[in-house]
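A note on names: the letters A, B, ... follow the listed sequences, proteins ahead of strands, and every chain is numbered from 1.
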Amino acid sequence: AQKVTQTQTSISVVEKTTVTMDCVYETRDSSYFLFWYKQTASGEIVFLIRQDSYKKENATVGHYSLNFQKPKSSIGLIITATQIEDSAVYFCAMREGSANTNKVVFGTGTRLQVLP
Amino acid sequence: GPKVLQIPSHQIIDMGQMVTLNCDPVSNHLYFYWYKQILGQQMEFLVNFYNGKVMEKSKLFKDQFSVERPDGSYFTLKIQPTALEDSAVYFCASSAQGASNERLFFGHGTKLSVL
């Protein structure tokens with residue numbers, strides 16, 4: 001069964017610095033997709049970035065990048081030059097590539113607070 | 001960008017009553033999902049739906065839960081009867097083709113309070 005684990009409950013950083021949020025996953029599928037979403041204070045859930053398991057290159061979108069360590073089943077999210085508005089809860093998620101399932105499983109989330 | 005709309009944003013209901021949560025997914029999307037989130041914690045998968053049928057459901061999707069999308073209208077989650085533990089925020093999501101690499105588009109959620 002697929003499982004996503006985020007051990008960091010809460011992180012505080014000073015703005016303009018870099019932060020890394022951890023995520024490890026479990027799956028028996030050889031093909032899978034990893035996602036990061038952000039939930040703002042208003043409750044809105046926003047997609048940030050995706051990593052395909054078969055790609056060796058780390059995905060990068062804007063000031064978000066991923067640290068994909070496949071042997072460790074790890075997919076960390078890196079935010080560079082953090083801004084106050086990056087304060088939110090960040091969820092790691094996974095979807096297996098098998099045709100037998102379509103569900104996306106989420107981790108418990110990491111609350112990021114960016115301080116001035 | 002594409003939006004998923006959820007109506008209402010907040011629903012207060014007495015335990016034992018029926019409630020229907022409505023979701024207007026992104027037009028031309030074919031796959032629909034419901035997630036349950038308690039107190040800003042983990043979003044837990046309830047069910048996904050395609051072509052008029054439930055594809056998968058979790059243990060949280062109790063017998064009192066049902067989903068449908070009659071004639072391409074709202075995608076609904078009905079709970080009958082409601083229980084206290086059903087109090088949560090329910091998020092609807094949709095995706096275009098249901099492909100494994102597709103992102104989900106989420107609504108803003110419906111906060112359900114069961115008294």
Original post:
What's in the same ILVMFWY side-chain cluster as Leu39(B), cut-off under 4.5 Å, chained through other members?
Top reply: Ile38(B)

Original post:
Does anything in residues 66-77 of chain A get under 4.5 Å of chain B by heavy atoms, and if so which residues?
Top reply: none

Subject >> Pairs meeting criterion disulfide bond (SG atoms under 2.5 Å apart) with involvement of residues 58-91 of chain A, two or more places apart >> reply: none

Original post:
Quick one: do Val61(A) and Ile79(A) end up in the same hydrophobic cluster if we chain Ile, Leu, Val, Met, Phe, Trp and Tyr together by side-chain heavy atoms under 4.5 Å apart?
Top reply: yes

Subject >> Linked, directly or transitively: Phe91(A) and Leu48(A) (ILVMFWY side chains, under 4.5 Å) >> reply: no

**OP:** Identify which part of Met43(B) has an atom lying under 4.5 Å from any heavy atom of chain A, answering side chain, backbone, both or neither.
**Re:** both

**OP:** Could you look at Phe105(B) and say if it's the side chain, the backbone, both or neither that has a heavy atom under 4.5 Å from chain A?
**Re:** neither

Original post:
So if you build clusters from Ile, Leu, Val, Met, Phe, Trp, Tyr with side-chain heavy-atom gaps below 4.5 Å, do Val4(B) and Leu46(B) land together?
Top reply: no

Subject >> Hphob cluster co-occupancy, Val105(A) + Phe61(B), side-chain heavy atoms under 4.5 angstrom >> reply: no

Original post:
Does Leu34(A) belong to the same Ile/Leu/Val/Met/Phe/Trp/Tyr cluster as Phe47(A), with side-chain heavy atoms less than 4.5 Å apart forming each link?
Top reply: no

Original post:
Which atoms form the tightest heavy-atom contact between Val104(A) and Phe45(B), and what is the distance?
Top reply: O-CB, 4.3 Å

Quick one: donor-acceptor pairs under 3.5 angstrom, chain A versus chain B?
residue: Tyr37(A); atom: OH; partner: Leu104(B); partner atom: N; Å: 2.8
residue: Gln39(A); atom: OE1; partner: Gln37(B); partner atom: NE2; Å: 2.9
residue: Gln39(A); atom: NE2; partner: Gln37(B); partner atom: OE1; Å: 3.1
residue: Arg50(A); atom: NH1; partner: Asn101(B); partner atom: O; Å: 3.0
residue: Arg95(A); atom: NH1; partner: Ala99(B); partner atom: O; Å: 2.9
residue: Arg95(A); atom: NH1; partner: Glu102(B); partner atom: O; Å: 2.7
residue: Arg95(A); atom: NH2; partner: Tyr33(B); partner atom: OH; Å: 2.7
residue: Glu96(A); atom: O; partner: Ser100(B); partner atom: OG; Å: 3.3
residue: Thr101(A); atom: OG1; partner: Glu56(B); partner atom: OE1; Å: 3.4
residue: Thr101(A); atom: OG1; partner: Glu56(B); partner atom: OE2; Å: 2.5
residue: Asn102(A); atom: N; partner: Glu56(B); partner atom: OE1; Å: 2.7
residue: Asn102(A); atom: OD1; partner: Tyr33(B); partner atom: OH; Å: 2.5
residue: Asn102(A); atom: ND2; partner: Gly98(B); partner atom: O; Å: 2.6
residue: Lys103(A); atom: N; partner: Glu56(B); partner atom: OE1; Å: 3.1
residue: Val104(A); atom: N; partner: Tyr35(B); partner atom: OH; Å: 3.3
residue: Val104(A); atom: O; partner: Tyr35(B); partner atom: OH; Å: 2.5
residue: Phe106(A); atom: O; partner: Gln42(B); partner atom: NE2; Å: 2.7

**OP:** Against chain A, label Ala99(B) side chain, backbone, both or neither, depending on which of its atoms sit under 4.5 Å from a heavy atom there.
**Re:** backbone

Original post:
With chain B, which of Gly109(A), Gly107(A), Ala93(A), Gly43(A) has the greatest number of heavy-atom pairs at distances under 4.5 Å?
Top reply: Gly107(A)

